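Take a look at the structure below.
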Amino acid sequence: MIVADASAPRELKTVHVAADFVVVGGGLSGTCAAIAAARAGLKVALVQDRPVLGGNASSEVRLWILGATSHGGNNNRWAREGGIINELLLENQFRNPGGNPVIFDSLVQDWVGREKNLTLMVNTQVFHAVTEANRVREIHAFNSQNSTMYRLTGDFFADSSGDGILVHLSGAAYRMGAEKAEEFDEPMAPGNNYGELLGHSMYFYTKDVGHPVDYVAPDFALKDVPSLIPRYRRFRTTEQGCSLWWIEWGGRLDTIHQSEEIKGELQKIVYGVWNYIKNSGEFPDAANLALEWVGTIPGKRESRRAEGDYILRQKDIIEQIEHDDDVCHGGWSIDLHPADGVYGDEEGCNQYHAKGVYGIPFRSMYSRNIDNLFTNGRLLSASHVAFGSTRVMATSSTVGQAIGTAAVLCVRHHCRPRDITKPLLMAELKRTLSAAGHYVPHYDALADGNKACEAEISVSSALSLTGLAHDGGWKRLTVSYAQLLPGRTDRDNVIHVPVKAETATTLTVELRISEKPENHTPEVRLTAIDLPLVTGEQTVAVPLPRLDREQYLFVCFGENPAVEIGLSSEQVTGLLAVKKGGLDKVSTTARQEAPDGLGVHSFDFWVPERRPNGRNIAFAADAPVHVFSADNLVSGPLRPIAAPNAWVADRTDAAPTVDLGFAKPVKAARLSLYLDCDYDHPLESVQYRHHDRVMPLLVHGGAVSVNGRVIAEIADNRSPVITVDLPEDEEISSLTLRLANAQGHPVALLGIRIE
Ligand SMILES: Cc1cc2nc3c(=O)[nH]c(=O)nc-3n(C[C@H](O)[C@H](O)[C@H](O)COP(=O)(O)OP(=O)(O)OC[C@H]3O[C@@H](n4cnc5c(N)ncnc54)[C@H](O)[C@@H]3O)c2cc1C
């Protein structure tokens with residue numbers, strides 16, 4: 001028993017936590033930073049003020065995680081982020097096909113829990129920092145659940161708190177609001193009419209309980225929804241959660257210090273909207289719907305943005321400007337929202353896409369004046385306009401992985417974040433990130449420090465793609481439909497495609513490419529041919545021209561509702577069909593029409609359909625359209641870009657095998673195999689249902705042998721990267737991979753790294 005006598009005022013119990021790297025904020029950007037650093041051996045502390053990890057993706061807020069794929073609604077093909085966020089999304093798809101946000105929480109908890117070097121402190125709020133000589137020395141945090149004060153010391157800190165508590169307290173330079181258009185030559189910069197800050201939003205979930213339920217609204221609920229919310233006609237009983245992102249408000253207030261006020265207004269709106277749906281008589285199908293959950297923590301879109309050595313701007317995104325220190329990529333549209341939010345007359349957002357993905361330079365990921373402070377997530381150094389794109393969570397997560405990895409190099413080399421931009425350290429950062437499966441733009445992920453490059457490689461077979469079987473039914477050309485094929489630079493070719501016409505008609509086929517070979521916006525028309533069709537089934541011959549450089553060719557079959565085109569159920573790495581048109585959640589029109597002077601491009605959208613409906617177009621080619629050779633195993637990026645960049649075994653190969661022979665035996669610690677996890681699929685974390693629980697083209701099983709001895713068996717794999725520890729003291733003269741695909745697709749491998 002404790003009896004505390006009257007005493008002088010007491011102090012809180014205080015615990016000192018010493019770490020190499022302290023991360024403030026357990027949103028996905030902070031979580032990925034902490035995991036990346038902990039995996040490489042740093043002692044890491046991750047401090048999160050709320051009970052669960054995930055930030056806006058957690059079950060407290062329930063946003064779906066997105067990034068460069070943009071729901072599959074723009075022209076960014078194979079653009080899903082790699083690295084830790086990819087691991088999480090793929091595992092979420094397997095464990096949580098229904099997109100339950102509570103299950104996603106537990107998954108993030110698992111991923112953090114696996115890291116022995118990582119100390120996680122939830123319910124612990126950072127409120128004080130000690131900064132000396134431009135370095136954060138320690139921070140103080142309080143956990144109200146265990147009534148303990150924490151003093152955290154570290155060599156390096158990351159502010160991943162969204163609002164930038166550490167940026168603010170440490171004296172780091174930051175911005176809040178929108179730059180004038182002239183500052184960075186940004187025609188998209190909004191004026192005061194539109195507003196300079198994005199507001200908060202709060203979500204609700206509903207449930208059909210199978211019997212009528214009534215609803216009595218609280219006193220504070222908004223009373224007259226139709227007269228106060230101009231877009232009130234858009235409410236549907238089928239929409240909940242993220243679909244109602246436009247219930248947004250607060251962009252004209254101080255989104256940090258008036259956050260509680262904004263939350264109160266959003267609560268009022270949400271309960272008022274539900275009352276309107278249940279009790280206005282306009283929604284008879286709402287009778288059996290009950291309000292299942294309402295957020296209590298608003299999702300915050302924008303507040304402070306740190307200033308780094310580089311401030312990312314509109315041109316970097318729209319013109320896809322390359323920087324030597326690009327270590328991450330983005331691809332969400334520049335997505336700005338009117339500050340009046342749900343009460344305003346404007347559309348809920350204003351989105352303009354680039355023609356492809358863009359690079360994010362490392363110089364935007366640390367403070368320009370605090371020497372040991374990284375900044376990520378919403379705090380990336382970007383203009384208000386560029387932030388409109390970089391802020392999404394999959395993008396933020398990759399920035400998290402980049403700074404966590406950079407912190408490791410800073411500790412190892414006793415240097416500041418800024419020093420990592422020097423060529424040798426930048427090369428090490430890019431190599432380390434790529435080795436972990438993270439995507440570094442315009443970088444050969446396999447050429448540097450990879451002992452597999454020293455091997456003589458032979459494979460049991462390599463797919464020489466001369467066609468896709470017509471076994472996937474027919475698709476009516478109600479809109480234009482195109483097949484992306486890797487173009488050949490050495491010869492012309494002809495493909496023969498099954499079509500079916502209801503009446504005699506003319507089918508127009510266009511061959512298109514992108515201006516930039518790494519893009520998939522087919523704005524350049526090479527040729528168009530008119531093919532006369534007779535009634536019934538037939539095959540049309542489409543000549544494919546030789547291209548000047550490696551890039552994809554779009555074989556576009558023009559809209560003609562009297563015609564159906566043959567489809568294939570076959571899936572092959574780097575082959576994809578797209579339709580001309582938008583997607584309801586993103587690019588609602590088939591074309592981005594850029595107003596004059598806005599500094600963005602006009603172009604058509606060609607977007608994929610998701611499985612099971614999305615299928616390749618069937619064809620037979622006179623010569624292989626592509627050979628998936630073993631050269632790809634040790635060079636190029638680890639995803640399709642201008643070509644599939646993969647080795648694929650022949651479909652008839654019963655025992656796909658890769659042999660690496662070392663004329664001069666090597667010693668190595670680790671083997672990494674990079675797999676085709678369908679980087680084109682957006683994999684939203686909640687609400688969506690995805691067709692495949694395990695990605696179809698992954699290697700699911702196999703074995704690895706060293707010097708003729710099996711050292712690892714692979715079974716039921718669903719990870720994007722398979723890593724095998726090698727016997728470090730043994731000289732390796734041969735290494736053999738036996739690989740299998742459990743779903744009956746050809747075995748594919750994007751790369752091999754031995755180090
Ligand atoms: C309504 C809405 C819709 C959006 N739509 C999408 C979308 O569809 N897809 C998408 O990917 N992104 C979307 N975004 C953007 C995205 O959610 C945010 O930009 C993103 O969450 C930013 O990541 P972050 O890690 O910086 O911040 P957060 O996810 O907010 O994480 C920051 C974490 O830091 C913690 N923290 C804050 N202060 C402290 C402190 N003092 N001490 C300790 N911990 C602290 C917070 O609790 C939080 O968990 C949307 C945002 C909103 C609000």
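Bear in mind the structure is a predicted one, so any value in this text is a computation, not a measurement. Position 1 is the first residue of the sequence, and the numbers go up from there. When a ligand or atom number is given, it counts from 1 through the structure's own listing order.
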Could you list which atoms of ligand 1 come closer than 4.0 Å to a heavy atom of [X]?
X	value
Gln125	41 (N), 42 (N)
Ser29	24 (P), 25 (O), 26 (O)
Arg50	46 (C), 47 (O), 49 (O)
Ser201	1 (C)
Ser160	32 (C), 33 (C), 34 (O)
Met393	10 (C), 11 (O), 12 (N), 16 (C), 17 (O), 20 (C), 21 (O)
Val392	10 (C), 11 (O), 12 (N)
Gly377	26 (O)

Of [options], which has the heavy atom at the shortest distance from [atom]?
atom	options	answer
atom 36 (N) of ligand 1	Asp49, Leu28, Val122, Thr31	Asp49
atom 14 (N) of ligand 1	Leu63, Leu198, Ile165	Leu63
atom 41 (N) of ligand 1	Val24, Thr395, Ile297, Val126	Val126
atom 8 (O) of ligand 1	Trp64, Trp245, Phe127	Trp64

> Would you call Arg175-Glu196 a salt bridge at under 4.0 Å N-O?
Replying inline: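 Between Glu196 and Arg175 there is no salt bridge, as every charged N stays at least 4.0 Å from the carboxylate O atoms.
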
>> With a 4.0 Å cut-off on N to O distance, would you call Arg313 and Glu186 a salt bridge?
In response: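 Between Glu186 and Arg313 there is no salt bridge, as every charged N stays at least 4.0 Å from the carboxylate O atoms.
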
> Mind checking whether Tyr203 has a heavy atom under 4.0 Å from ligand 1?
Replying inline: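 Flag set, Tyr203 near ligand 1.
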
> Would Arg151 and Glu138 count as a salt bridge (Lys or Arg N to Asp or Glu O under 4.0 Å) if you check the C-alpha gap in whole Å, the side-chain angles of each, and the deciding distance to 0.1 Å?
Replying inline: CA-CA 7 Å; Arg151 195 168 71 79; Glu138 61 182 71; 2.8 Å; yes

Give me the residue, atom name and distance of the protein heavy atom closest to [atom].
atom	value
atom 33 (C) of ligand 1	Gly27 N, 3.5 Å
atom 37 (C) of ligand 1	Ser161 O, 3.2 Å
atom 34 (O) of ligand 1	Gly25 CA, 3.3 Å
atom 30 (O) of ligand 1	Asn56 OD1, 3.8 Å
atom 27 (O) of ligand 1	Gly162 CA, 4.1 Å

>> Can you confirm whether Gln109 is buried at CD, in the sense that more than 12 heavy atoms of other residues, nucleotides or ligands lie under 6.0 Å from that atom?
In response: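 Atom CD in Gln109 is not crowded, with 12 or fewer foreign heavy atoms closer than 6.0 Å.
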
What do you reckon, does [X] have a nitrogen or oxygen under 3.5 Å from a nitrogen or oxygen of ligand 1?
X	result
Arg301	no
Arg391	yes
Gly30	no
Gln48	yes

Part of [X] within contact of ligand 1 (heavy atoms, under 4.0 Å):
X	value
Val47	backbone
Leu379	neither
Glu248	neither

> Cation-pi between Arg135 and Phe156: NZ/CZ under 6.0 Å from ring centre and within 45° of the ring axis?
Replying inline: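 That pair qualifies as a cation-pi contact.
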
> Should the pair Arg639 and Tyr439 be classed as cation-pi, given the thresholds of under 6.0 Å to the six-membered ring centre and 45° from the axis?
Replying inline: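 Cation-pi check for Arg639 and Tyr439: passes.
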
Less than 6.0 angstrom separating the ring centers of [X] and [Y], yes or no?
X	Y	result
Phe127	Phe142	no
Phe235	Trp246	yes
Tyr205	Trp293	yes
His353	Phe605	yes
Trp64	Tyr688	yes

>> Under a 3.5 Å threshold, yes or no: a donor from one side chain and an acceptor from the other, between Asn123 and Arg50?
In response: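 Note: Asn123 and Arg50 side chains miss the donor-acceptor criterion.
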
Check: residues 328-339 side-chain donor-acceptor pairs under 3.5 Å, at least two apart:
{"unit_1": "His329", "atom_1": "NE2", "unit_2": "Ala79", "atom_2": "O", "d": "2.8"}
{"unit_1": "Trp332", "atom_1": "NE1", "unit_2": "Asp335", "atom_2": "OD2", "d": "3.1"}
{"unit_1": "Asp335", "atom_1": "OD1", "unit_2": "His337", "atom_2": "NE2", "d": "2.9"}
{"unit_1": "Asp335", "atom_1": "OD2", "unit_2": "Gln351", "atom_2": "NE2", "d": "3.1"}
{"unit_1": "Asp335", "atom_1": "OD2", "unit_2": "Arg391", "atom_2": "NH2", "d": "3.0"}
{"unit_1": "His337", "atom_1": "ND1", "unit_2": "Glu248", "atom_2": "OE1", "d": "2.6"}
{"unit_1": "His337", "atom_1": "ND1", "unit_2": "Glu248", "atom_2": "OE2", "d": "3.4"}
{"unit_1": "His337", "atom_1": "NE2", "unit_2": "Arg391", "atom_2": "NH2", "d": "3.4"}

>> Run Asn96 and Asn92 through side-chain hydrogen bond (donor to acceptor under 3.5 Å, both in side chains) and show every step you take.
In response: CA-CA 5 Å; Asn96 184 18; Asn92 186 55; 2.9 Å; yes

>> So does Asn376 get a backbone contact from the side chain of Asp159, meaning a donor-acceptor N/O pair under 3.5 Å?
In response: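 No, the answer is negative, given that no donor and acceptor are paired below the 3.5 Å cut-off.
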
